[in-house]
*Asks:* 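Quick one: this structure, given as structure tokens, is what I'll be asking you about.
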Amino acid sequence: MKVINLHQEEQKIIEQAILNNRQAQHKIYSKYSSKMLSVCRQYIKDVQLAEDVMITAFFKVFVNLKKFENKGSFEGWIRRIMINECISYLRVQKEVKFIEDHNPIEETSNNIESQFSVEDIQHLIDALPNGYKMVFNLYVIEGYKHQEIAEMLNISEGTSKSQLSHARNILQNQITRSKNYSNGTE
């Protein structure tokens with residue numbers, strides 16, 4: 001019964017926010033802003049820029065709130081807006097380059113036991129070229145399929161696969177170098 005009450009409460013807040021109720025909008029922002037900043041931060045290295053993009057995306061959330069159809073989760077709907085805004089921002093900044101590769105490298109599934117912190121992993125991902133990082137995040141973190149990524153980024157499915165493969169190889173090499181360095185073998 002609590003689940004239904006929580007869902008009904010969120011629905012009421014959404015309905016009030018659609019009517020431009022600032023308190024309702026603030027509740028939505030307060031509830032989701034930290035998670036959404038994390039989403040934006042996955043794509044945009046600079047925290048202040050990521051926050052700017054998040055705020056712009058929240059503006060779009062509130063402008064388009066009446067378009068939310070209660071199909072799927074509200075958080076997922078907001079998350080998709082955040083991702084699209086990050087992609088748009090990076091395109092405008094011309095910071096994304098996709099290399100068309102007609103011979104994608106075969107994906108390997110290397111399960112690496114890692115002693116890395118979340119910050120260390122984020123730092124490694126941040127070091128990727130933006131095109132690689134974007135595809136990596138969309139595929140690995142967000143769970144999109146290559147066809148969906150290709151449509152979102154206006155690239156071919158093969159390019160998406162290639163970008164992911166290159167990103168994984170770079171990350172694998174960085175992890176290996178870090179392990180070798182910490183073991184004193186480099």
*Asks:* Just to verify, what does Lys35 make a salt bridge (charged side-chain N to carboxylate O under 4.0 Å, His left out) with, not counting sequence neighbours?
*Replies:*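 Residues passing salt bridge (charged side-chain N to carboxylate O under 4.0 Å, His left out) with Lys35: Glu75.
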
*Asks:* To the nearest 0.5 angstrom, please state how far the NE2 atom of His166 sits from the CZ atom of Arg168.
*Replies:*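 Here the interatomic distance stands at 13.0 Å.
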
*Asks:* Parallel, tilted or perpendicular for Phe68 and Trp77, by the 30°/60° rule?
*Replies:* tilted

*Asks:* Checking Asp126 now: which residues fulfil side-chain hydrogen bond (donor to acceptor under 3.5 Å, both in side chains) with it, not counting sequence neighbours?
*Replies:* Arg41, Gln122

*Asks:* List in chain and number order the residues that pass ring-ring contact (aromatic ring centres under 6.0 Å, His included) with Tyr144, two or more places apart in sequence or in another chain; answer none if no residue qualifies.
*Replies:* none

*Asks:* When rounded to the nearest 0.5 angstrom, what distance separates CD1 in Ile78 from OG in Ser33?
*Replies:*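 Interatomic distance, Ile78 CD1 to Ser33 OG, rounded to 0.5 Å: 10.0 Å.
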
*Asks:* Between OH of Tyr43 and CD1 of Ile83, what distance do you get to the nearest 0.5 Å?
*Replies:* 4.0 Å

*Asks:* Mind checking what makes salt bridge (charged side-chain N to carboxylate O under 4.0 Å, His left out) contact with Lys31, not counting sequence neighbours?
*Replies:* Glu10

*Asks:* Looking at Leu128, Thr159, Leu153, which hits side chain to side chain contact (heavy atoms under 4.5 Å, CB included) with Val135?
*Replies:*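 Passing option: Leu153.
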
*Asks:* Between atom CD of Gln42 and atom CD1 of Ile125, what is the distance when rounded to the nearest 0.5 Å?
*Replies:*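 Going from the CD atom of Gln42 to the CD1 atom of Ile125 covers 7.5 Å.
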
*Asks:* Taking only residues two or more places apart in sequence, or in another chain, which ones meet Lys71 in a salt bridge (charged side-chain N to carboxylate O under 4.0 Å, His left out)?
*Replies:* Glu69

*Asks:* Determine, step by step, whether Phe136 and Leu171 satisfy the side-chain contact (heavy atoms from CB on, under 4.5 Å) criterion, reporting the C-alpha distance in whole Å, the side-chain angles of both residues, the deciding distance to 0.1 Å, and the verdict.
*Replies:* CA-CA 10 Å; Phe136 180 85; Leu171 290 171; 3.5 Å; yes

*Asks:* Taking side-chain hydrogen bond (donor to acceptor under 3.5 Å, both in side chains) as the definition, give me every residue that meets it alongside Lys60, ordered by chain and number, with sequence neighbours left out.
*Replies:*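 Only Glu85 meet the side-chain hydrogen bond (donor to acceptor under 3.5 Å, both in side chains) criterion with Lys60.
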
*Asks:* With Glu142, which residues qualify under salt bridge (charged side-chain N to carboxylate O under 4.0 Å, His left out), at least two apart?
*Replies:* Arg79

*Asks:* To the nearest 0.5 angstrom, please state how far the OG atom of Ser165 sits from the OH atom of Tyr132.
*Replies:* 9.0 Å

*Asks:* So, using side chain to side chain contact (heavy atoms under 4.5 Å, CB included) as the criterion, who are the partners of Asn154 when residues are at least two apart?
*Replies:* Arg91

*Asks:* Give a yes or no on whether Leu164 and Ile121 share a hydrophobic cluster (residues Ile, Leu, Val, Met, Phe, Trp, Tyr; joining criterion: side-chain heavy atoms under 4.5 Å apart).
*Replies:* yes

*Asks:* Which residues pass the side-chain hydrogen bond (donor to acceptor under 3.5 Å, both in side chains) test with Tyr29, not counting sequence neighbours?
*Replies:* none

*Asks:* Please round to the nearest 0.5 Å and tell me the distance separating atom CD1 of Ile149 and atom CD of Gln163.
*Replies:* 10.5 Å

*Asks:* Listed by chain and number, what are the side-chain hydrogen bond (donor to acceptor under 3.5 Å, both in side chains) partners of Ser30, not counting sequence neighbours?
*Replies:*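 Per chain and number, Ser30 pairs via side-chain hydrogen bond (donor to acceptor under 3.5 Å, both in side chains) with His26.
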
*Asks:* Give me the atom names and distance for the closest heavy-atom approach of Cys40 to Cys86.
*Replies:* CA-SG, 3.5 Å

*Asks:* Determine whether Ile141 and Ile44 fall in the same hydrophobic cluster, where Ile, Leu, Val, Met, Phe, Trp and Tyr are linked whenever their side-chain heavy atoms lie under 4.5 Å apart.
*Replies:* yes

*Asks:* Would you check if Phe74 and Ile28 make a side-chain contact, meaning some heavy-atom pair closer than 4.5 Å?
*Replies:* yes

*Asks:* For residues 13-24, run the donor-acceptor check on the side chains, cut-off 3.5 Å, and write out each pair with its distance to 0.1 Å, sequence neighbours left out.
*Replies:*
residue	atom	partner	partner atom	Å
Asn21	OD1	Gln23	N	2.9
Asn21	OD1	Ala24	N	2.9
Arg22	NH1	Gln25	OE1	2.7

*Asks:* With a cut-off of 3.5 Å and sequence neighbours excluded, list every side-chain donor-acceptor pair involving residues 48-59.
*Replies:*
residue	atom	partner	partner atom	Å
Thr56	OG1	Asp52	O	3.1

